[in-house]
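Just so it is clear: chains get the letters A, B, ... in the order the sequence lines come, proteins before strands, and each one is counted from 1.
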Amino acid sequence: MSIAAVRRRKISPWPYLLIFPSILALILILGYPIVKLLNLSFQKYGLTQIIAGRGVGVGLKNFTDSLSDSNFWTILLRTYAFTFCIVFVTIIVGAAMAHLMLRMHNVIRILLTAIFVMVWAMPQLVGISIWRWLFSFNFSIITSTVRSLGFPIANHNYFQNIISGFTIIGGCVAWGALPFVTISIYAALTQVPKELIEAAELDGATRFQVFKNIIFPMLFPIYIILISLSVIWDFQIFSHIWVFLDARPAPQYFTMAIYAFEQSFGQSEYGKGAAISILMIIALLGFTGYYLKQMVKIGDGQ
Amino acid sequence: MKLLRIFDANAKNNWTSTSGRRTPETAEILRTALLIGMTFVVLAPVIWFTLSSFKGLAELGGRPHFLPQSFSLDNYSEALKSYNYKRYFFNSVFVTTVATILTLVINSMAAYAFAKYNFRGRDGLFVLTLAMIMIPLQVILIPIYLVVAQLGMVNTYWGLIIPAAATPTGVFVIRQYMLTIPDELIESARIDGAGEFRIYARIVLPLARPALAVVAIFSILWRWNDFIWPLLVAQDEKFYTLPVALAQLNGRLAVPTNIIIAMSVMSIIPVLFMFVFMQRQIVQGISQTGMK
C-alpha cells in the first residue's frame, strides 16, 4: 500500500508545514515580482509615468504591439536558434568527452575531473572576461598568435559579423556549461552495469547497438534533466552578450533577454519591457513544456 | 630484420610498451589524443588567465604574450594591501555557508512533501515551483529590489542570504531522488510510532544524502559567484562579497585590470579546493541522482 493511499483519508498538516518555508521564499522573491511584472505589462509606463508615480492602463496594447512587430519575431527566432545550437554542441561534446573519459586510466581521469572542476568553479563574470580578452580588438591573444606564426593579419573585430560574434559568445557559454554536462554524463555512465554490456557484446551486438539499446535508455533520465536545464539557462543568456559587447549590444545581437532589458532600461518603456519579459517566459515554457512534463513524470508513474 | 619489421605495415603495432604492459592500440591512442586536445581547449583560457595574474599592468596593456615577461607577485600583494580583501572574503564565505545550509534545510523539507505526501494542490504547486526556474532574474530586478527594500533587508546579511533560499532547482533535484526511497520504509517507521518530523530527519534525510550533496555543491557555487543579487543588496562596502568588489573595480574610470585578475584568481581558489576534495562525492552524488 502506498503512502498516498493512507494519507488520502485524513488531511494532515505535515506536507503544508514542510513546503511552507520554500513556498514562502518563492512567493516573496519570485512570485510577487512576477505579479508586479504582469501588472506593469498592462500599463504604459515610461518616463512621464515614472515622474507622475503611476502608470496608465492600456490593456493588451503592449502585447499586441510586440506581437505585431516583426523585430519581436526575428529576435525570438534568433534566441531559439542560439539556444538550440549551444545546447546541441554542449550535449554532444559533453557526451563524447564523458565516453572518452570512461576508457581512460584512473590517474588521467582524476586529473581531467580536476580540470573540469576548475572551469566549473570559475565565476561566470571572470570566465566571460577571459573570453572577451581572447577576442578583443587590440589585445587578442588569438590574433597575435596567428601573427607570430607568420601570418601578417591586422587587428580583427570578431564581432563585426554576427555569425562569428555569436559563435564566440556561444562558445563561451558552451565552455562554461561543458564541465557540468561532462561530469554528469560520466557519472551516469559509471552506473551502467558492465555485465550488461559484456553480455550484449557476447551476443554479437555492435558498439552502436550497445549504445542505442542499453546505454542510451539507461541514461535517458539524465539527458532529459541536462537538456532541459541547459535550454532554460541558455535561453535566458544575458550577461555573456552584455559583457562581450561592452553593455551596448547592436540590435542584431539582441536576444529576448537583452531585448526586454533594453526596452525597459534603455528606452525607459517599462510597460513594454514587462510585456516582452512575460512573452519570453511563455516562449520558454512552450519550448520546455514537454521536458517539464517528463521531469514531473520521472519516477512518478513507477 | 628489425628495421624491416618496424616498417612492416601488416604488423599490428609499430611500437612496444616500455612499461611491459600490453601495447596500446591505434584507436586507443587516437582517443587519448582527442581527449587531451579537447581538455586543453577547455583549460587554455584558465591557464592564460592565471599566468596573466603575474604580469604587470604595463605588460597587460601591451602586446599579449602567453608567458609573463617579468614574473611578479605585486598584483597579489597590492590586492591584499590596498583593498579590504579580508572583509570581502569573509562576507563571501559567511553568506555562502549560511545560504547553503538554509537552502538545504528548506528545500529538502519541501522536496520530501512533494515526493512522499499526497495533498491537495500538490501537483499544481510543484509545477509552479518548476516554472519558477524559468524566470530570468534580470527582468524582475526592480520588483525584487522593492520587496527586499520593503522588508528592510538592504545592506544586511539577511538580505544577501534569504533570497538564495528561493532555489526551485534544489527542490526539484531532491524530490526526484526522494521518489526512489521506498514507501514501505516510511510506513514501517510510522507503524513503529515515529513522528512525522522524526521520519524526515532520521530516515529520509540520511538516505537522500547524494541528492543533498549535489544541491550543496550547486548552491555553494551559485552563492559564491552570485553577482546581480548582492550588487543590489550590498550597497555599503561593509557587505561587499568578492564578486561585488570585483564588479565595483571594473566600473571605475581607470580599471585596475591587474588587481582584478589577481583577486579573481584568489576568489577561485577556495571553491577549487572544495571541489577537489569533494570530487568523489560530486561524481557519486550526480550519478545516483541522475539515474533514478
Side-chain angles (χ1 to χ4, degrees), chain A residues 2-4 7-8 14-15 18-19 21-23 25-26 28-30 32-34 36-37 97 100 103 112-115 117-119 121-126 130-131 134 139 141 144 175 178 183-184 187-188 190-191 221-222 225 232 236 238 257 260-261 277 281 284-285 292 295-296 298-299, chain B residues 31 34-35 38-39 42-43 45-46 48-49 63-64 106-107 109-110 112-113 116-119 125-127 129-136 138-140 143-144 147 163 165-166 168 171 176 179-180 183 186-187 196 221 225 227 243 264 267-268 271-272 275-276 279 283 286-287 290-292:
Chain A
S2 79
I3 302 254
R7 287 282 113 192
R8 206 170 291 136
W14 273 104
L18 286 168
I19 61 170
S22 282
I23 297 290
L26 284 173
L28 217 60
I29 302 303
L30 296 170
Y32 174 73
I34 277 289
K36 275 266 185 200
L37 189 75
M97 288 179 93
L100 286 171
R103 297 163 178 278
L112 284 178
T113 320
I115 289 172
V117 153
M118 208 155 140
V119 174
M122 192 140 230
Q124 200 186 40
L125 270 186
V126 176
I130 300 175
W131 273 68
L134 285 177
F139 310 122
I141 186 114
S144 79
W175 172 77
L178 207 53
I183 292 180
S184 300
T190 60
Q191 299 296 103
I222 192 127
I225 293 178
I232 292 168
Q236 301 175 2
F238 177 83
F261 190 86
S277 308
I281 295 169
L284 182 59
L285 275 171
L292 264 189
M295 283 158 112
V296 178
I298 291 174
Chain B
R31 272 202 298 268
L34 186 66
L35 187 63
M38 288 203 278
T39 314
V42 172
L43 187 63
V46 185
W48 184 55
F49 189 67
R63 256 191 78 206
I106 73 167
N107 281 5
M109 281 162 55
Y112 175 49
K116 291 295 175 196
Y117 282 97
N118 195 13
F119 55 95
L125 282 171
F126 184 60
V127 169
T129 309
L130 276 186
M132 296 273 194
I133 301 180
M134 296 186 200
I135 298 167
Q138 75 272 0
V139 303
I140 49 169
I144 296 190
V147 173
V171 177
Q176 297 309 88
L179 286 174
T180 66
D183 288 352
I186 299 164
E187 271 307 285
E196 294 296 309
L221 211 57
N225 292 335
F227 156 67
S264 307
S267 85
I268 302 170
V271 192
L272 194 65
F275 261 72
V276 171
Q279 208 224 111
V283 174
I286 292 176
S287 68
M291 291 298 283
K292 289 174 179 160

Enquirer: Given the options L285(A), I19(A), V126(A), which has more heavy-atom pairs under 4.5 Å with chain B than any of the others?
Expert: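 When all of L285(A), I19(A), V126(A) are compared, I19(A) has the most.
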Enquirer: In terms of heavy-atom pairs under 4.5 Å with chain B, which of L178(A), T190(A), L28(A) leads?
Expert: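 Most heavy-atom pairs within the cutoff with chain B belong to L28(A).
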Enquirer: Please identify each residue that fulfils ring-ring contact (aromatic ring centres under 6.0 Å, His included) with F261(A), with sequence neighbours left out.
Expert: F238(A), W242(A), F265(A)
Enquirer: Over all heavy atoms of both residues, which pair between A113(B) and P15(A) is shortest? Give the atoms and the distance, please.
Expert: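 For A113(B) and P15(A), the tightest heavy-atom pair comes out as CB-O, 3.7 Å.
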Enquirer: With rounding to the nearest 0.5 Å, note down the distance linking CG in L112(A) to CG in L35(B).
Expert: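 So the CG of L112(A) and the CG of L35(B) are separated by 5.0 Å.
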Enquirer: Taking all heavy atoms of I232(A) and all of I133(B), pick out the closest pair and write down the distance.
Expert: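 Smallest interatomic distance, heavy atoms only, reads CG2-O, 3.7 Å.
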Enquirer: Say whether, by atom type as modelled, one donor and one acceptor occur between the side chain of S22(A) and the main chain of A110(B) under 3.5 angstrom.
Expert: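 Here the side-chain-to-backbone pair does not exist.
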Enquirer: Working to the nearest 0.5 angstrom, can you tell me the gap between F49(B) CZ and W131(A) CH2?
Expert: 14.5 Å
Enquirer: Quick one: what part of I130(A) sits under 4.5 Å from any heavy atom of chain B, side chain, backbone, both or neither?
Expert: both
Enquirer: How close do W175(A) and V42(B) get, heavy atom to heavy atom, and via which atoms?
Expert: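 Taking W175(A) first and V42(B) second, the nearest heavy atoms are NE1-O, 2.7 Å.
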Enquirer: Go through the atoms of P163(B) and report whether side chain, backbone, both or neither lie under 4.5 Å from a heavy atom of chain A.
Expert: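 The answer is both parts of P163(B).
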Enquirer: Testing the basics here: between Y117(B) and L18(A), what is the closest heavy-atom pair and its distance to 0.1 Å?
Expert: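 For Y117(B) and L18(A), the tightest heavy-atom pair comes out as CE1-CD1, 3.7 Å.
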Enquirer: Measuring from M132(B):CE to I29(A):CD1, what's the distance to the nearest 0.5 Å?
Expert: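 Those atoms lie 10.5 Å apart.
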Enquirer: With the side chain counted from C-beta on, respond yes when M109(B) and P21(A) share a heavy-atom pair under 4.5 Å apart, and no when they do not.
Expert: yes
Enquirer: Just give me the residue among V271(B), I144(B), V171(B) that pairs up with chain A most often, heavy atom to heavy atom, under 4.5 Å.
Expert: I144(B)
Enquirer: Calculate, to the nearest 0.5 Å, the distance between atoms CD1 and CG belonging to I23(A) and L125(B) respectively.
Expert: 5.0 Å
Enquirer: Do you know which of I183(A), I281(A), I115(A) has the most heavy-atom pairs under 4.5 Å to chain B?
Expert: I115(A)
Enquirer: Check each atom of A260(A) against the heavy atoms of chain B and say whether the ones under 4.5 Å are side chain, backbone, both or neither.
Expert: side chain
Enquirer: Taking side chain as C-beta onward, heavy atoms only, is T39(B) less than 4.5 Å from M97(A)?
Expert: yes
Enquirer: Would you mind checking which part of L221(B) comes under 4.5 Å of any heavy atom in chain A, side chain (CB onward), backbone (N, CA, C, O), both or neither?
Expert: side chain
